[in-house]
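The structure presented is a predicted model; accordingly, all values stated were derived computationally and were not measured.
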Amino acid sequence: MLNFILEYWIEILFGLIISFIGYFFKQIVNYKNKLDDTNKGIVVMLKIKIIEKYDEFIKKESITIEEKEGLMDLYNVYMKFECCDVVSDLIKKINSIPIK
């Protein structure tokens, strides 16, 4: 009887353990992919909002300190995602707009 347990049940037990490890690993990979996709979506939304605000301030040819502070908060979050592109140039141009 002990021989039967050693031969089959230990193999079954290790098989179940490896199956659970594989399942949890797959779940972690899926969760990481969802987080990456969410981060990409956030970056796109921040970029769109910064560009919209840039267009608004360029048309007005002025910016209030509160608007500039809000825009800089958006930009700082955008930069935390390590994105450097046209948005950095827009922020430089916004810094040259007079504050009213």
Side-chain angles (χ1 to χ4, degrees):
M1 182 69 173
L2 182 62
N3 209 13
F4 175 78
I5 292 172
L6 290 176
E7 275 187 43
Y8 297 107
W9 285 102
I10 292 178
E11 289 179 18
I12 292 171
L13 181 65
F14 281 120
L16 288 173
I17 290 171
I18 290 173
S19 296
F20 282 124
I21 290 172
Y23 172 77
F24 288 120
F25 181 75
K26 185 177 179 182
Q27 292 299 317
I28 290 170
V29 168
N30 287 340
Y31 183 72
K32 183 189 177 309
N33 289 339
K34 286 180 184 178
L35 282 178
D36 290 343
D37 292 341
T38 302
N39 288 342
K40 288 176 187 176
I42 290 170
V43 167
V44 169
M45 289 172 54
L46 286 169
K47 186 174 183 177
I48 289 170
K49 189 66 173 176
I50 291 170
I51 291 171
E52 285 174 358
K53 289 294 184 182
Y54 168 80
D55 291 339
E56 176 186 332
F57 300 141
I58 290 296
K59 287 178 185 173
K60 281 188 351 184
E61 295 180 354
S62 66
I63 186 171
T64 65
I65 194 75
E66 292 85 11
E67 291 170 333
K68 188 170 186 176
E69 185 177 306
L71 186 63
M72 293 311 292
D73 288 343
L74 288 173
Y75 179 67
N76 290 333
V77 172
Y78 183 78
M79 291 306 292
K80 286 182 183 177
F81 287 100
E82 298 178 358
C83 302
C84 294
D85 55 0
V86 71
V87 173
S88 297
D89 295 333
L90 297 180
I91 294 298
K92 288 177 187 175
K93 291 177 183 177
I94 285 176
N95 285 333
S96 65
I97 296 174
I99 297 174
K100 72 172 186 178

Residues 44-55 side chain polar contacts: donor-acceptor under 3.5 Å, at least two apart:
unit_1, atom_1, unit_2, atom_2, d
K47, NZ, D85, OD2, 2.9

Output the distance between atom CD1 (I17) and atom CD1 (I12), rounded to the nearest 0.5 Å.
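So the gap between those two atoms works out to 12.0 Å.
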
What distance do K26 atom NZ and N30 atom CG have between them, rounded to the nearest 0.5 Å?
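Between K26 NZ and N30 CG, I get 6.5 Å after rounding to 0.5 Å.
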
Under a 4.0 Å threshold between the charged nitrogen and the carboxylate oxygen, would K32 count as salt-bridged to D36?
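Salt bridge between D36 and K32, a charged N being under 4.0 Å from a carboxylate O: yes.
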
Does I42 share a hydrophobic cluster with L35, counting links as ILVMFWY side-chain heavy atoms below 4.5 Å and allowing steps through other members?
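No, no single cluster joins them.
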
Please tell me whether F20 and V29 are part of a single hydrophobic cluster in this structure, the criterion being side-chain heavy atoms less than 4.5 Å apart.
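No, F20 does not connect to V29 through the hydrophobic network.
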
side-chain contact (heavy atoms from CB on, under 4.5 Å) partner of I97, chosen from I99, I94, N95:
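Filter result, single survivor: I94.
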
Is the closest side-chain heavy-atom distance between V87 and M79 below 4.5 Å?
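With C-beta onward as the side chain, the pair stays apart.
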
Pairs of donor and acceptor atoms involving the side chains of residues 56-64, under 3.5 Å and at least two apart or interchain, shall be tabulated with distances.
unit_1, atom_1, unit_2, atom_2, d
K60, NZ, E67, OE1, 3.3
K60, NZ, E67, OE2, 3.1
T64, OG1, E67, N, 3.1
T64, OG1, E67, OE1, 3.3

